[in-house]
Amino acid sequence: ISPRYLRAYYRHDNFSMIRTRHYEPVIGKIEDYNELREWSKGADLTLKNVSEKIDIENYARWLISVFLCLTKDFDQGPALRDESVENNKWFFINWDMDASFGVSGRFGPEPWKANVKLFGLGSFRKRLLTRMHFDPEWRQYFTRLFVDILNHEFTQQGVREILTKHRNIVDRFELN
């Protein structure tokens, strides 16, 4: 994901973008993301508080995708903030999902039975998950969204639409 990708996908590249694996700035200021990470260490991480700084639906959907794909090597994707809008919030793009569904035998011959540790120590997104888990409002929101996704979006037709959308992106960027 690069400024070129952002221009093609969002029609501009006025973002702060941080690679979350090593907290490297791609564009924008890393100080803003570091401030968010530090805030998360001491703040009361409730649905209300976190949603003031992070696009909560985006975060929840990112988390659900990691769960549904049984993704082990997920926490390298970028955190972004659209600097062209007021009251902008951080959001995440799925990246490095290649170790999903037990690819490469990482989880044995039956990956759905594996005891998988999804979140590495020190992950900012892990901190959000583990600390927000104590907020009943977050648990209710997350559960409702997860059930809605399973019932209405993660259908055969919904998956086909997602695959078509991403096939079109691959074709547009001539990545074949």
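If you're wondering where the values come from, they're calculated on a predicted model, not measured in any experiment.
- With contacts defined as side-chain heavy-atom distances shorter than 4.5 Å, the pair Trp39/Val50 qualifies.
- Checked by atom type and distance alone, the side chain of Asp13 never pairs as donor or acceptor with a backbone atom of Arg7 at under 3.5 Å.
- Applying the side chain to side chain contact (heavy atoms under 4.5 Å, CB included) test between Asn49 and each of Ile54, Asp135, Asp44 identifies Asp44 as the sole match.
- Between Ile169 atom CD1 and Thr164 atom OG1 the span is 11.0 Å, to the nearest 0.5 Å.
- Partners of Lys165 under the salt bridge (charged side-chain N to carboxylate O under 4.0 Å, His left out) rule, at least two apart in sequence or in another chain, do not exist in this structure.
- Formation of a donor-acceptor pair under 3.5 Å by the Ser40 side chain with backbone atoms of Arg37 is found in this model.
- Here the closest heavy-atom approach between residue Arg131 and residue Lys41 is recorded as NH1-O, 3.4 Å.
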I would like to know whether Thr46 and Trp138 meet side chain to side chain contact (heavy atoms under 4.5 Å, CB included); could you show each step before the answer? CA-CA 7 Å; Thr46 62; Trp138 160 254; over 6 Å; no
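- Counting heavy atoms from C-beta outward, Asp32 and Leu36 have side chains that stay 4.5 Å or more apart.
- Using a 4.5 Å heavy-atom threshold, the side chains of Leu45 and Phe134 count as separate.
- Here Asp55 does not pair with Lys89 in a salt bridge; the nearest charged N to carboxylate O distance is not below 4.0 Å.
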For the pair Leu80 and Leu6, evaluate side chain to side chain contact (heavy atoms under 4.5 Å, CB included) and give the outcome as yes or no after the intermediate values. CA-CA 10 Å; Leu80 295 101; Leu6 295 172; 3.6 Å; yes
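- Taking CZ of Phe92 as the reference point, atom OG of Ser65 lies at 12.0 Å (rounded to 0.5 Å).
- Across Ala60 and Tyr141, no two heavy atoms sit closer than the pair CB-CE2, 4.1 Å.
- In the hydrophobic clustering of this structure, Phe154 does not group with Ile162; members are Ile, Leu, Val, Met, Phe, Trp, Tyr whose side-chain heavy atoms approach within less than 4.5 Å, directly or through other members.
- By the 30° and 60° cut-offs, the orientation of the rings of Phe146 relative to Phe67 is parallel.
- Rounding to the nearest 0.5 angstrom, the gap separating the OH atom in Tyr59 from the CG atom in Leu145 is 12.5 Å.
- Going from atom CG of Asn58 over to atom CZ of Phe91 covers 7.0 Å, rounded to the nearest 0.5 Å.
- Residue Glu35 qualifies as open at atom CD: its count of foreign heavy atoms under 6.0 Å is 12 or below.
- Electrostatic pairing of Arg167 and Asp171 counts as a salt bridge here, judged by a charged N lying under 4.0 Å from a carboxylate O.
- To the nearest 0.5 Å, atom CE of residue Met132 and atom CZ of residue Arg125 are 13.5 Å apart.
- Closest of all the heavy-atom pairs between Arg11 and Ala8 is NH1-O, 2.8 Å.
- Ring pair Phe15/Tyr10 is tilted by interplanar angle, where 30° to 60° counts as tilted.
- Looking at Phe142 and Ile64, their side chains come closer than 4.5 Å, going by heavy atoms from C-beta outward.
- When all heavy atoms of Thr155 and Asn151 are compared, the closest pair comes out as CG2-O, 3.8 Å.
- Residues Val66 and Val147 fall into different hydrophobic clusters, defined by Ile, Leu, Val, Met, Phe, Trp and Tyr side chains chained together at heavy-atom separations under 4.5 Å.
- With sequence neighbours excluded, the residues satisfying side-chain hydrogen bond (donor to acceptor under 3.5 Å, both in side chains) with Asp82 are His12, Ser84.
- For the atom pair Met17 CE and Glu83 CD, the distance stands at 12.0 Å (nearest 0.5 Å).
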